[in-house]
Novice: 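If you scroll down you'll find the structure; I have some questions about it.
Remember, it's a predicted structure, so these values are computed and weren't measured experimentally. All values below come from the heavy atoms of this structure, side chains included, with hydrogens, waters and symmetry mates left out.
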Amino acid sequence: MKHKALPMALAAAFLAGCTLAPHYERPEAPVATSFPTGPAYKTSGAANQNGTTGSNALVAADLGWRDFFTDPRLRKLIEIALENNRDLRVSMLNIEAARAQYQIQRSALLPSVGAAGQATVQRSPADLSSSGHAGINRNYQVGVGFTSYELDLFGRIQSLKDQALEKYLASEDTAKAAHMTLISEVATAYLTWLADQELLRLTADTLKSQESSYNLTKRSFNVGTASGLDLRQAQTPVDTARANFAQYTRQVAQDENALALLIGQPLPADLPPGRPLDGQGLLTDLPAGLPSDLLLRRPDVTAAEHTLKGANANIGAARAAFFPTISLTANAGTASASLSNLFKGGQGAWSFAPTITLPIFAGGQNVANLDLAKVQKRIEIANYEKAIQTAFREVSDGLAARGTLDDQVAAQESLVKASDESYKLSDLRYRNGVDSYLNALVSQRSLYSAQQTLIATRLARWTNLVTLYKALGGGWEERSVPANAGTASAAAASS
């Protein structure tokens, strides 16, 4: 009989490939087939009519972060963050946990075979003994077998294994998204740090200039050539600059704290020299590709699809609960009433105990579980579609900002130049007694405000490129890869 159990197990393993899960079909992407066009969008780098991207057919996802970020100091900070960041470390540990859960669920497809030995010594009183005399009965057994092995005839265990596999794959994509997000956060925090440092230097220079004007006005007031109103007007920008200086000093310190948290350690003292904010040299003409690329290259989208596939597999497990469950328990070995005869010839023993369970009435539990599984799948379809829509919106916003921020920076630089010339002329007229100090004060305030806005606009320009790079799926590769190789690997991963 023990030899008959093997074909049954093989047949069960063959039938395990059949599940009651619905055939999976990827939902249609609820977005347009191309990114928006119009006055806010640049045409260079976007998909042309033939569906290729830019002049070198390289999509942003194939562009390595070491090639996108050219600042040596920023590269070093990203490298440290990828090694030490605790959130990323948790994401990697979640992958290991999901892998273990998948292996646990997959092991249920095969019987757990184990060896066991048992000894039983029992004394029976005379009135319970068939011989009418009190006695001691001994029983020794040694065998190999399996207990409660479920024949997966309707694919319940297979469906649960598929669900665990999709959960594991989703955790991998989630960790990849965390990797890319971390790089984006480090770059954004670094650029903000540079901008606040420039604002601090600008405020220090402005405060020095305004204190000089205030001292000049105060001397004029002391000799009676300037009024008290002129003195108070000269004091106002000084106090404003002092308040801004304290604010930017605080922001620089907080920026350093944010960077320290992201890289998982204090900022090293031996960081390589960095570049100024206006000299970062990021790739402004990021090739966007087609919206369909996001389905293959955005890990948050692929993670949502794996979760959807897991919900689809769970329906198969819920359906299988309506059918009979067959479990096998088998054992083969030797048995004897005395330990000395346990391994002698003729002491062979075996047992085979199949069990079948047929659900008859469960108070609607199985029906409710199936309804729940179907609802969860619809929820995951909505989550998947939302992930696509979010990705499309992020890329579209980034492209719109890229198409306008360059013009805004150029206009702001021209405004700073004009404000600087206006302030110099107004200050010269005031010092020569041709005009009042009020006009010089207004020009000075306009120049300071224009300079602050220019730094903020440059920061917005660079951070938008970082955000667009991440939105297009960039940041996973360390070095750039050929476009064809990246597309082939993404297609293989999606299949």
Side-chain angles (χ1 to χ4, degrees), residues 8-30 94 97-112 146-174 295 300-329 353-390 494-495:
M8 296 182 66
L10 293 177
F14 173 77
L15 291 174
C18 304
T19 69
L20 299 178
H23 175 69
Y24 174 76
E25 294 184 1
R26 175 182 291 173
E28 293 291 333
N94 286 335
R99 184 189 298 117
Q101 289 291 339
Y102 166 65
Q103 292 172 344
I104 292 172
Q105 190 61 56
R106 185 179 62 176
S107 66
L109 290 171
L110 299 174
S112 298
F146 52 87
T147 303
S148 299
Y149 167 59
E150 180 179 343
L151 293 179
D152 196 26
L153 299 179
F154 303 100
R156 187 185 72 86
I157 299 177
Q158 177 69 28
S159 295
L160 293 176
K161 188 268 293 184
D162 292 341
Q163 182 187 28
L165 174 61
E166 296 300 335
K167 182 178 180 181
Y168 162 58
L169 296 176
S171 68
E172 281 192 328
D173 286 333
T174 300
L295 304 181
D300 56 336
V301 176
T302 55
E305 185 175 13
H306 284 306
T307 303
L308 171 58
K309 290 180 178 179
N312 186 76
N314 192 42
I315 294 179
R319 286 176 174 176
F322 289 89
F323 295 89
T325 300
I326 300 176
S327 300
L328 304 178
T329 297
T355 302
I356 183 170
T357 303
L358 178 64
I360 297 178
F361 176 74
Q365 179 180 0
N366 291 338
V367 176
N369 284 335
L370 180 58
D371 291 341
L372 175 61
K374 291 180 178 179
V375 170
Q376 287 176 335
K377 179 182 178 179
R378 293 199 294 267
I379 292 174
E380 296 307 330
I381 289 176
N383 288 335
Y384 173 68
E385 292 174 341
K386 181 180 178 181
I388 295 177
Q389 291 175 333
T390 300
S494 66
S495 61

Novice: Regarding Y24 and E305, is there a side-chain donor-to-acceptor distance under 3.5 Å anywhere?
Specialist: yes

Novice: Side chains of P359 and N366, heavy atoms from C-beta outward: is any pair under 4.5 Å?
Specialist: yes

Novice: Quick check for you: to the nearest 0.5 Å, what is the distance between N314 atom CG and L160 atom CG?
Specialist: 7.0 Å

Novice: Is there a donor-acceptor pair under 3.5 Å between the side chain of S171 and the backbone N or O of Y168?
Specialist: yes

Novice: So, does D152 use its side chain to make a donor-acceptor pair with the main chain of Q158 at under 3.5 Å?
Specialist: yes

Novice: Between CD1 of I315 and CG of L372, what distance do you get to the nearest 0.5 Å?
Specialist: 10.0 Å

Novice: Could you check if a side-chain atom of F154 sits within less than 4.5 angstrom of a side-chain atom of T19, using non-hydrogen atoms only?
Specialist: no

Novice: To the nearest 0.5 angstrom, please state how far the OG1 atom of T302 sits from the NE2 atom of H306.
Specialist: 5.5 Å

Novice: Is there a donor-acceptor contact under 3.5 Å from the side chain of T329 to the main chain of S148?
Specialist: yes

Novice: Quick one, N312 with H23, criterion side chain to side chain contact (heavy atoms under 4.5 Å, CB included). Give me CA distance, side-chain angles, the key distance, then yes/no.
Specialist: CA-CA 8 Å; N312 186 76; H23 175 69; over 6 Å; no

Novice: Would you name the heavy atoms of A21 and R319 that are closest together and state the gap between them?
Specialist: C-NH1, 4.3 Å

Novice: Holding to side-chain contact (heavy atoms from CB on, under 4.5 Å), I want the full list of residues that pass it with I356, two or more places apart in sequence or in another chain.
Specialist: P324, I326

Novice: Do the side chains of T147 and S112 get nearer than 4.5 Å, heavy atoms only?
Specialist: no

Novice: Supply the atom-to-atom distance I379 CD1 to L308 CG, rounded to the nearest 0.5 angstrom.
Specialist: 11.5 Å

Novice: What distance do L20 atom CG and F323 atom CZ have between them, rounded to the nearest 0.5 Å?
Specialist: 5.5 Å

Novice: Where the side chain of Y149 meets the backbone of A108, is there a donor-acceptor pair that is under 3.5 Å apart?
Specialist: no

Novice: Taking all non-hydrogen atoms of both residues, which atom of A318 and which atom of A373 are closest, and how far apart?
Specialist: CB-CB, 4.1 Å

Novice: Could you please spell out the steps behind the side chain to side chain contact (heavy atoms under 4.5 Å, CB included) verdict for R156 and E150?
Specialist: CA-CA 10 Å; R156 187 185 72 86; E150 180 179 343; 2.8 Å; yes

Novice: Give every residue pair that meets the salt bridge (Lys or Arg N to Asp or Glu O under 4.0 Å) criterion with at least one member in residues 363-389, sequence neighbours excluded.
Specialist: none

Novice: In Å, rounded to the nearest 0.5 Å, how long is the span from CZ of R26 to CD1 of I381?
Specialist: 13.0 Å

